[in-house]
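Worth knowing before you read on, the calculation uses all heavy atoms, side chains too, and leaves out hydrogens, waters and symmetry mates. The shown structure was predicted, so the numbers you read here are calculated from the model rather than taken from an experiment.
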Amino acid sequence: MPDFEVVSLVKKGWNHMNSNNPGQDNDGISDARLDSLDLQLKAARKAEAVRAGKDQVPAKGMRQGNRVLTELIAGPAGGALVGWLLDRLLGIAPALLLTCMFLGIAVAFRNIIKISAERPD
């Protein structure tokens, strides 16, 4: 059974928490210790991001490499898909499939040459 004095003090509003701002003892005044801790956490997170290399954007050379890879895959695949659909639609065997696939390869190589002419900085 709870102590009578404690129960009566709580009923009268003599608890240790502020009734207007429950759970906050400082009435909105910032605590220097918490501010210091916040600054230390931000500095630690920034240092970790720098150490892990997550704060840098990918280099232009890497972006160019990804573009080349995309061209090498998408050019022949897109041409083959278009050729296959036209073959199905027109009812002829692999003639348009092969033609469009080789056209896709040619377009991909042309785009790769354009990409390689750019300076990677």
Side-chain angles (χ1 to χ4, degrees):
M1 181 143 184
D3 189 27
F4 178 71
E5 284 183 40
V6 173
V7 172
S8 64
L9 288 175
V10 170
K11 285 182 181 178
K12 291 180 183 177
W14 288 93
N15 58 0
H16 69 281
M17 294 193 316
N18 186 353
S19 61
N20 294 334
N21 199 2
Q24 302 290 324
D25 292 338
N26 58 4
D27 293 329
I29 301 170
S30 65
D31 188 2
R33 296 174 298 167
L34 291 176
D35 293 340
S36 172
L37 181 61
D38 189 40
L39 289 175
Q40 289 175 1
L41 282 172
K42 286 180 182 177
R45 286 185 183 131
K46 185 175 181 179
E48 178 62 22
V50 168
R51 186 189 67 78
K54 293 181 181 178
D55 66 331
Q56 300 172 355
V57 295
K60 187 173 181 183
M62 188 168 185
R63 288 192 303 265
Q64 284 180 334
N66 286 335
R67 286 176 57 197
V68 167
L69 180 63
T70 301
E71 290 291 338
L72 282 175
I73 293 172
L81 179 65
V82 169
W84 180 78
L85 288 173
L86 289 174
D87 277 343
R88 289 290 219 173
L89 184 67
L90 299 175
I92 53 178
L96 289 177
L97 170 74
L98 294 173
T99 305
C100 289
M101 187 174 69
F102 285 122
L103 283 174
I105 292 171
V107 169
F109 282 145
R110 185 194 63 158
N111 290 340
I112 290 170
I113 291 170
K114 283 183 179 179
I115 291 170
S116 67
E118 295 174 3
R119 185 180 167 117
D121 289 331

Sequence neighbours excluded, the answer for side-chain contact (heavy atoms from CB on, under 4.5 Å) partners of L90 is I92, L96

Pair R63 + E118: basic N to acidic O under 4.0 Å:
no

Side-chain donor/acceptor of T70 to backbone N/O of N66, under 3.5 Å:
yes

Holding to side-chain contact (heavy atoms from CB on, under 4.5 Å), I want the full list of residues that pass it with L85, two or more places apart in sequence or in another chain.
L81

Report the hydrophobic cluster partners of L98, with the cluster defined as I, L, V, M, F, W, Y residues connected by side-chain heavy atoms closer than 4.5 angstrom, directly or transitively.
V68, L72, M101, F102, I105, F109, I112, I115

For residues 90-107, the side-chain hydrogen bond (donor to acceptor under 3.5 Å, both in side chains) pairs (sequence neighbours left out) are none

Across all chains, not counting sequence neighbours, the side chain to side chain donor-acceptor pair (under 3.5 Å) partners of N111 are E71

Decide, yes or no, whether a salt bridge links R45 with E48 under the criterion of side-chain N to carboxylate O below 4.0 Å.
no

Does R88 have any side-chain contact (heavy atoms from CB on, under 4.5 Å) partners at least two apart in sequence or in another chain, and if so, which?
W84

Only counting residues at least two apart or in another chain, list the ones meeting side chain to side chain donor-acceptor pair (under 3.5 Å) with R33.
D31

Over all heavy atoms of both residues, which pair between P76 and A108 is shortest? Give the atoms and the distance, please.
CD-CB, 4.4 Å

R110: what forms a salt bridge (Lys or Arg N to Asp or Glu O under 4.0 Å) with it, not counting sequence neighbours?
none

Taking all atoms of both residues into account, what is the closest heavy-atom pair of C100 and V82, and its distance?
SG-CG1, 4.4 Å

